There are 2 protein chains.
Amino acid sequence: MHKSTITIRDVAKAAGVSVSTVSRVLNDRDGVSPTTYQRVRQVIEELNYASNLAARSMRLQQTGVIGVVAPDLRSAFTLQVIRSVSAAVEERGYELLVFTSSRVDGEEDQALREQRHVHLLNSGLTDGTIVLTPHATTFPSERPVVVIDPNRHGVEVPAVLSTNYAGARAAMAYLFELGHRRIGFVGGRPDLQSAVRRWEGYRDSLMEQGISLDPTLVCRGDFTREGGYACGQRLLSLAQPPTAIFAANDESAIGVLKAARDLGVPVPQALSVVGFDNITESAWTTPPLTTVDQALEGMGQAAVDLLFESMAGKPVAAVHKVATELVIRESCGPPAR
Amino acid sequence: MHKSTITIRDVAKAAGVSVSTVSRVLNDRDGVSPTTYQRVRQVIEELNYASNLAARSMRLQQTGVIGVVAPDLRSAFTLQVIRSVSAAVEERGYELLVFTSSRVDGEEDQALREQRHVHLLNSGLTDGTIVLTPHATTFPSERPVVVIDPNRHGVEVPAVLSTNYAGARAAMAYLFELGHRRIGFVGGRPDLQSAVRRWEGYRDSLMEQGISLDPTLVCRGDFTREGGYACGQRLLSLAQPPTAIFAANDESAIGVLKAARDLGVPVPQALSVVGFDNITESAWTTPPLTTVDQALEGMGQAAVDLLFESMAGKPVAAVHKVATELVIRESCGPPAR
DNA sequence: CTGTTAGCGCTTTCAG
DNA sequence: CTGAAAGCGCTAACAG
């Protein structure tokens with residue numbers, strides 16, 4: 001069933017030419033007579049030949065493939081960024097290869113895994129690689145590497161980040177404007193830089209309004225729906241529940257929405273909810289979620305731009321910030337009298 | 001910045017041994033003295049050396065990597081299957097490489113692209129490849145290939161399918177049981193086998209109940225939310241709207257749910273909705289969606305099982321069917337009076 | 001215009 | 001136990 005590999009040599013033999021001629025035809029190099037070209041092309045077609053990426057990449061520096069190393073395919077954030085990277089990469093006529101490292105053992109292992117995967121790709125298969133939400137801060141690699149939303153400080157390769165702090169401030173400003181004073185917070189994993197920045201935005205906003213931080217209103221989630229649901233349940237069961245909840249990402253916010261629904265708390269009448277990310281999902285919730293748009297498309301695009309500049313040998317900025325913007329939908333209103 | 005590639009030769013030189021010795025150490029082959037082994041290991045560590053996948057795979061037949069070729073990363077179906085494949089692959093200690101071919105030009109191109117990607121992976125990089133919802137029916141490949149939910153008939157490699165027809169029948173039976181007689185249908189793309197089978201299930205169920213098919217109640221969607229939304233709007237705007245809608249997949253059903261909400265039609269009081277797939281999302285809709293569980297996890301698992309059997313040289317079944325099961329949540333009820 | 005040849009980095013006989 | 005050498009499939013000089 002599985003045909004034994006057809007190599008360039010087989011093609012050469014069948015066409016009665018040398019391998020180099022076939023190679024020239026394959027790569028559309030000059031210096032091949034039209035007659036020969038035709039014949040070789042035909043044989044390639046007949047034999048259903050396709051060149052071997054491994055061999056090819058070992059000889060060339062260019063492969064026309066960009067790699068992506070993603071922690072796992074579970075989160076909507078990851079997926080949407082991959083999709084935007086995919087679009088940007090294809091626009092440039094490159095292909096995309098994704099390596100997943102879903103098995104999350106420990107944080108240390110995670111970083112090592114990321115590095116290994118980057119090497120695996122960048123040592124020949126790909127012309128450059130983009131790493132999503134990496135734990136590693138350094139990548140020994142022969143080809144350019146760009147990271148998106150790194151989890152730790154001090155990353156030694158170009159990074160694309162969004163304005164997490166400013167975005168959180170904007171969300172809070174909106175809630176204040178509506179009249180909310182008692183605002184709950186559903187945080188993300190404290191080991192993630194983005195989660196920390198959003199938390200700081202929440203905290204500082206309160207402070208500026210002269211509202212003292214109430215620890216009972218802060219719940220530590222984990223960026224998942226389930227986590228958000230649990231936090232929502234806890235916050236809404238308080239003797240004095242918040243009139244608004246700012247969730248550090250949309251998945252958490254969706255969990256809060258569900259908790260509110262299960263507890264019979266109408267949104268936005270009795271509770272306002274704001275998320276962060278603007279994943280496509282958030283436009284489809286009931287009610288549609290007001291959230292901080294992280295321009296996920298923009299992040300993928302920016303990362304690809306940085307990567308190609310880097311591949312072209314140009315010096316690139318160490319950090320590229322993508323602006324956030326509040327998207328107002330229907331999950332917020334003034335506090336219930 | 002980008003370190004010049006460190007090769008096995010560099011390691012050999014630094015350790016004062018030959019490349020073959022280093023190779024032996026790398027692959028934990030016998031016949032290396034403990035002293036030498038230690039020294040080489042240490043140098044590898046110091047130089048931060050990692051072997052080159054391209055070169056390695058050119059020499060070996062085993063790479064420890066399984067490939068996945070996916071049409072695009074847009075649909076939840078695709079993603080969830082990839083995730084399940086990922087889990088099953090990792091369980092066996094293999095890595096996963098995903099090639100996406102999002103650019104959908106035409107159907108023909110799609111098939112060619114799939115074939116090219118399979119070859120690219122299977123010609124050395126991967127030990128076997130799984131293709132999701134392929135348009136191609138044949139895959140010239142040197143290594144095993146297994147497909148999941150092929151779009152066309154007559155696929156020449158082992159395929160994993162779910163019982164689409166039976167699932168659709170089960171959904172319809174449930175609606176009949178609740179008392180519905182006027183049931184709308186939101187179909188999928190007619191070029192997809194699964195969409196056709198679900199449509200047939202709908203049609204035959206009606207026939208068996210002695211209900212003649214009303215073309216105005218049938219709307220052709222495209223398996224997307226937007227398509228489902230448009231269909232929902234159309235069906236619910238009918239002079240005599242259906243009391244229930246069976247959507248050929250969950251994404252469409254979610255679109256219908258939104259249309260109902262926007263038109264002020266309460267679900268399940270005035271409209272029952274059933275989906276198909278049971279993507280994780282469907283448990284989080286308002287109200288939670290009753291749907292036909294396609295055992296997406298099971299499909300990925302089954303495909304990986306088939307692939308490994310095939311890789312081990314065992315003969316495998318041409319078709320592996322995964323059973324569907326109706327999951328009853330809160331989107332259905334008896335018809336309004 | 002075309003063929004010969006030398007590697008890319010790696011593993012694996014085959015000799016020491 | 002270790003090294004030299006061949007070759008995986010391919011491309012890029014270098015000669016004809």
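Hydrogens, waters and symmetry mates are skipped; everything else that's a heavy atom, side chains included, is used. Every value quoted in this text rests on a predicted model; they were computed, and no experiment measured them.
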Sidechain-backbone polar pair: B/Asn52 side chain, A/Ser123 backbone, donor-acceptor under 3.5 Å: yes
Looking at B/Glu46 and B/Arg41, is there a salt bridge between them, counting it only when a charged N and a carboxylate O are closer than 4.0 Å? no
Check B/Glu309 with B/Arg92, please: is the shortest side-chain N to carboxylate O separation under 4.0 Å? no
How long is the line joining [atom1] of [X] and [atom2] of [N], in whole Å?
| X | N | atom1 | atom2 | value |
| --- | --- | --- | --- | --- |
| A/Asn122 | C/dG9 | CG | P | 15 Å |
| B/Arg29 | C/dC14 | CZ | C1' | 16 Å |
| A/Asn27 | C/dT2 | CG | P | 16 Å |
| A/Leu125 | C/dC8 | CG | C1' | 14 Å |
| A/Leu120 | C/dC10 | CG | C1' | 14 Å |
| A/Asp28 | D/dT11 | CG | C1' | 14 Å |

Pairing donors with acceptors under 3.5 angstrom, does anything connect the side chains of B/Asp149 and B/Thr133? no
Closest approach of B/Thr63 to B/Asp127 (non-hydrogen atoms, all atoms of both residues):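 Heavy-atom minimum between the residues: N-OD1, 2.7 Å.
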Is there any protein nitrogen or oxygen under 3.5 Å from a nitrogen or oxygen in nucleotides 1-3 of chain D, and what are the pairs?
from, atom 1, to, atom 2, distance (Å)
D/dT2, OP1, B/Ser33, OG, 3.3
D/dT2, OP1, B/Thr36, OG1, 2.5
D/dT2, OP2, B/Ser33, N, 2.8
D/dT2, OP2, B/Thr36, OG1, 3.3
D/dG3, OP2, B/Ser18, N, 2.9
D/dG3, OP2, B/Ser18, OG, 3.2
D/dG3, OP2, B/Thr21, OG1, 2.8
D/dG3, N7, B/Ser20, OG, 3.4
D/dG3, N7, B/Arg24, NH2, 2.7
D/dG3, O6, B/Arg24, NH1, 3.2
D/dG3, O6, B/Arg24, NH2, 3.4

Aromatic ring proximity, centroids under 6.0 angstrom, B/Tyr94 and B/Phe308: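 Aromatic pair counts; centres sit under 6.0 Å.
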Student check: side-chain heavy atoms of A/Leu132 and A/Val69 closer than 4.5 Å: no
I'd like a table of atom pairs between the protein and nucleotides 6-9 of chain D - only N or O on both sides, under 3.5 Å - with the distance next to each one.
from, atom 1, to, atom 2, distance (Å)
D/dG7, N2, B/Arg59, NE, 2.1
D/dG7, N3, B/Arg59, NE, 3.4
D/dG9, N2, A/Ala55, O, 3.4

So, using side-chain contact (heavy atoms from CB on, under 4.5 Å) as the criterion, who are the partners of B/Thr36 when residues are at least two apart?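 Per chain and number, B/Thr36 pairs via side-chain contact (heavy atoms from CB on, under 4.5 Å) with B/Val17, B/Thr21, B/Val32, B/Ser33, B/Arg39, B/Val40.
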